[in-house]
Amino acid sequence: MYVNPDGSVLPCCVGEINEPLGNVRQHTIKEIWNNNSYKQMRKDMLEGKRCVECQACYNIEDSGAESPRIHANRNPYYGDTTGLIAHTENDGTLPVMHLKHFDVRWSNICNFKCRSCSSTYSSTWAQEDNTQGKKNPIFILADGNDNDKLYNQFLPYFKDIETFYFAGGEPLLTDKHYDILEHLISIGKTNVKLEYNSNCSVLKYKSKSVLELWKHFDTVHIGASLDHYGSRAEYIRSGTDWNLIKSNIQKIKQECPHVKMQSNTVISIFNLYTLTDFFDYVLEEEFFDIGEYFPQMYNIQYPEYYTASVLDDTFKTEIIEKLQSKTYNKHIDNMLKGVVSYINNSKFNEVTRQQFKKYTQHYDIIRNEDFAETFPELKRLI
C-alpha cells in the first residue's frame with residue numbers, strides 16, 4: 001500500500017495515478033485494504049490479467065525495457081513469504097493486513113523543481129505555478145492533524161514492517177520521517193532496512209541530524225536522485241547546488257560508511273545524449289565503486305514531451321551509437337541496453353516535439369534558464 005501526497009492510495013509509487021484504490025482523507029487504511037478496487041486488483045493479478053493500476057509498468061515492458069514490477073518480482077524479498085496468496089479469498093478479499101514494506105509520502109514539501117516532476121510532488125513547483133495564476137495545493141496532509149491520524153493508523157504495523165521507504169517531495173525535509181526513525185530507535189527496532197530516494201541536498205532538518213540517526217540502523221540504502229552533474233544537473237533538477245550535492249555525498253561516505261549509496265536516474269530527453277558522460281563523471285569522482293555500482297534508471301513515461309518521442313530517426317541513431325560505445329559493468333550495461341530498446345521502440349511525434357519546445361521555453365523564462373546554452377548537443381530540438 002502506497003500513499004501519495006494528496007492522500008490517494010496506489011499499489012506502489014509508479015501505480016496509475018488516475019486509477020487510485022482509495023484516499024486516506026476519506027477512508028481508513030483498513031477500509032481501503034478490502035474495498036472493491038483492491039479486491040479486483042488482487043483477482044486480476046492472481047488470474048494473470050493486466051491491472052489498470054499497473055499500466056506504467058506494462059508500458060515500460062512493452063517498450064522492451066525492464067519495469068519496476070519485473071525488478072521487484074525478481075527480488076526474493078517480495079516473494080509470498082507470508083502466505084498471503086493462500087489467505088486471499090475468491091472475491092479478492094484479504095482478511096489479514098500484514099505490511100512488510102512501508103511507503104507513505106507525507107507531503108509534497110520539496111526544495112527542488114525537477115523538470116520531470118510536477119506540483120503534486122513539489123511544493124516549490126506548486127508555489128511557482130501559483131504565481132502564474134494556478135491554484136495548486138501544497139500537501140502536508142494538510143492541516144497537521146491529518147498526518148498524525150495517518151501516522152497512528154500505520155503505527156501498529158511498524159513492529160512487523162521490514163523495509164521503510166522514504167521519498168517525497170524530499171523525505172529529509174519531512175517531519176514524519178524523523179518521527180518514524182526516532183520511534184524505531186525507542187523500541188529497539190533498528191534492524192529494519194531504511195531505503196531512500198533523496199536529492200541529498202539536506203542532511204540536517206531543524207534540530208535533527210539524519211547522519212546521527214542513521215548511525216543507529218544496521219541497513220541504510222540511499223538512491224540519490226542524480227540525473228546529471230554540474231550545470232545540467234542544476235537545470236534538470238532546478239534548485240540543485242551541484243557543489244553542495246557533491247559535498248553532502250562525500251560527508252555521508254565519511255561519517256556513515258555503512259550507508260550504501262546508489263543513484264536513481266530518470267531517463268529523459270535531457271540526459272539521453274550525455275548519459276554515458278554522467279556515468280563517466282560519477283565514477284571518476286569516486287562517488288561509487290564500479291564493482292558495487294548498481295544504479296536504477298527509469299525511462300520517463302510522463303510527460304510524453306520529455307520522452308524519446310521527440311527524437312527523429314537520425315537523432316535516435318546518433319544517441320544509440322553513443323550509448324553503445326561504452327561498457328561499465330554487467331548491471332549498467334544491461335540497463336543501457338534497456339534504454340536503447342526504449343529509444344528504438346519510441347515513435348517520433350511532431351506534436352510532442354512542439355510541446356517540448358513550448359514547455360521548455362515556458363520554464364526557461366520563468367526560471368531564468370537557457371536550454372540551448374546548457375544542452376548545446378540538443379539545441380536543434382528547439
Side-chain angles (χ1 to χ4, degrees), residues 110-119 121-122 124-125 127-129 131-134 199 201 225-246 263-282 284-285 297-326 336 339-340 342-344 346-382:
C110 187
N111 51 345
F112 283 11
K113 296 174 291 187
C114 305
R115 292 270 175 152
S116 59
C117 194
S118 69
S119 60
Y121 302 98
S122 168
T124 53
W125 189 308
Q127 290 169 337
E128 178 182 79
D129 276 357
T131 64
Q132 304 297 309
K134 297 184 179 180
N199 61 38
S201 66
S225 299
L226 304 176
D227 293 343
H228 226 300
Y229 68 93
S231 60
R232 288 184 175 91
E234 292 174 345
Y235 182 101
I236 298 171
R237 294 184 178 271
S238 181
T240 298
D241 176 340
W242 182 248
N243 288 330
L244 176 61
I245 302 299
K246 280 182 62 176
S263 63
N264 289 337
T265 300
V266 176
I267 306 299
S268 71
I269 192 62
F270 296 108
N271 56 10
L272 273 172
Y273 195 103
T274 52
L275 190 56
T276 54
D277 299 347
F278 165 70
F279 288 125
D280 290 344
Y281 174 87
V282 296
E284 288 169 5
E285 291 288 326
M297 304 179 211
Y298 304 99
N299 299 318
I300 195 170
Q301 301 293 313
Y302 308 104
E304 192 175 355
Y305 50 80
Y306 288 154
T307 70
S309 67
V310 305
L311 299 170
D312 57 43
D313 288 343
T314 301
F315 212 162
K316 283 182 184 178
T317 300
E318 189 177 330
I319 292 173
I320 288 172
E321 288 177 352
K322 192 168 186 291
L323 289 171
Q324 292 177 331
S325 68
K326 301 296 290 284
L336 290 177
V339 174
V340 169
Y342 159 71
I343 297 172
N344 277 326
S346 299
K347 295 181 179 179
F348 174 69
N349 187 322
E350 182 61 40
V351 173
T352 57
R353 174 79 159 259
Q354 292 304 315
Q355 288 177 325
F356 172 77
K357 182 176 180 179
K358 171 187 173 182
Y359 286 105
T360 296
Q361 293 175 335
H362 170 74
Y363 286 108
D364 274 5
I365 292 170
I366 292 176
R367 299 177 182 178
N368 193 29
E369 296 173 342
D370 191 325
F371 173 79
E373 181 179 321
T374 308
F375 303 91
E377 71 281 358
L378 299 176
K379 65 181 181 181
R380 71 187 91 165
L381 291 176
I382 60 170

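For the pair Tyr305 (side chain) and Thr360 (backbone), a donor-acceptor distance under 3.5 Å is absent. Side chain of Thr265 to backbone of Leu226: a donor-acceptor contact under 3.5 angstrom is found. Counting only distance, with no hydrogens or angles, the side chain of Thr374 and the backbone of Arg232 share no donor-acceptor pair below 3.5 Å. The backbone N or O of Phe348 lies less than 3.5 Å from no partner atom in the side chain of Glu350, so there is not a single donor-acceptor pair. Checking side-chain atoms of Thr124 against main-chain N and O of Phe112 turns up a donor-acceptor pair under 3.5 Å.
A cation-pi arrangement is not found for Arg115 relative to Tyr306, the charged atom failing to lie both closer than 6.0 Å to the ring centre and inside a 45° cone about the ring normal.
Counting only heavy atoms from C-beta outward, the side chains of Leu336 and Leu275 approach each other to under 4.5 Å. Within the 4.5 Å cutoff, no side-chain heavy atoms of Gln355 are placed close to those of Glu304. Residues Lys322 and Ile319 have side chains not in contact (no heavy-atom distance under 4.5 Å, counting atoms from C-beta outward). Contact annotation: the side chain of Phe356 never approaches that of Thr352 to less than 4.5 Å [non-hydrogen atoms, C-beta and beyond]. In this structure, Ile245 and Glu234 have side chains that are not in contact, with every pair of non-hydrogen atoms separated by 4.5 Å or more. Side-chain contact between Leu272 and Ile343 is present, with heavy atoms from C-beta onward closer than 4.5 Å.
Other residues, nucleotides and ligands contribute over 12 non-hydrogen atoms within 6.0 Å of the CD atom of Gln361. The number of heavy-atom neighbours closer than 6.0 Å to NZ of Lys358, taken from other residues, nucleotides and ligands shown, is 12 or below.
Distance OG/Ser231 to CG/Asp370: 10.5 Å, rounded to 0.5 Å. A distance of 10.0 Å separates CD1 in Ile267 from CD1 in Ile300, rounded to the nearest 0.5 Å. If you take CG on Leu381 and CZ on Arg353, they are separated by 5.0 Å, rounding to the nearest 0.5 Å. Going from atom CZ of Phe375 over to atom CD1 of Ile382 covers 10.5 Å, rounded to the nearest 0.5 Å. Going from atom CD of Gln324 over to atom NZ of Lys326 covers 14.0 Å, rounded to the nearest 0.5 Å. Note that OH of Tyr342 is 12.0 Å distant from CD1 of Ile320, once rounded to the nearest 0.5 Å.
Each of Thr274, Asn271, Thr240 was compared with His228 under the side-chain hydrogen bond (donor to acceptor under 3.5 Å, both in side chains) criterion, and only Thr274 meets it.
Classified by interplanar angle (parallel below 30°, tilted 30° to 60°, perpendicular above 60°), the ring pair Phe371/Phe270 is perpendicular. Classification of the His362-Tyr359 ring pair by plane angle, with boundaries at 30° and 60°, yields perpendicular.
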Inset, instruction - Please lay out, stage by stage, how Arg380 and Glu318 fare under the test salt bridge (Lys or Arg N to Asp or Glu O under 4.0 Å). - result: CA-CA 13 Å; Arg380 71 187 91 165; Glu318 189 177 330; 3.2 Å; yes
Legend entry - Test log, rule side chain to side chain contact (heavy atoms under 4.5 Å, CB included), inputs Arg237 and Asn199: CA-CA 9 Å; Arg237 294 184 178 271; Asn199 61 38; 5.7 Å; no
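For the residue pair Thr307 and Pro303, the shortest heavy atom distance occurs at CG2-O, 3.7 Å. The two residues Cys110 and Ser122 make their nearest non-hydrogen contact at CB-CA, 4.0 Å. When every heavy atom of Ser238 is checked against every heavy atom of Glu369, the shortest pair comes out as OG-OE2, 3.4 Å.
Side-chain contact check for Asp227 and Tyr235: no donor-acceptor pair (N or O, by modelled atom type) lies under 3.5 Å. For the residue pair Ser201 / Asn111, a side-chain donor-acceptor distance below 3.5 Å is found, with atom types taken as modelled. Side-chain N/O atoms of Ser268 and Ser116 include no donor and acceptor closer than 3.5 Å.
For Glu285, the salt bridge (charged side-chain N to carboxylate O under 4.0 Å, His left out) partners at least two apart in sequence or on another chain are Lys246.
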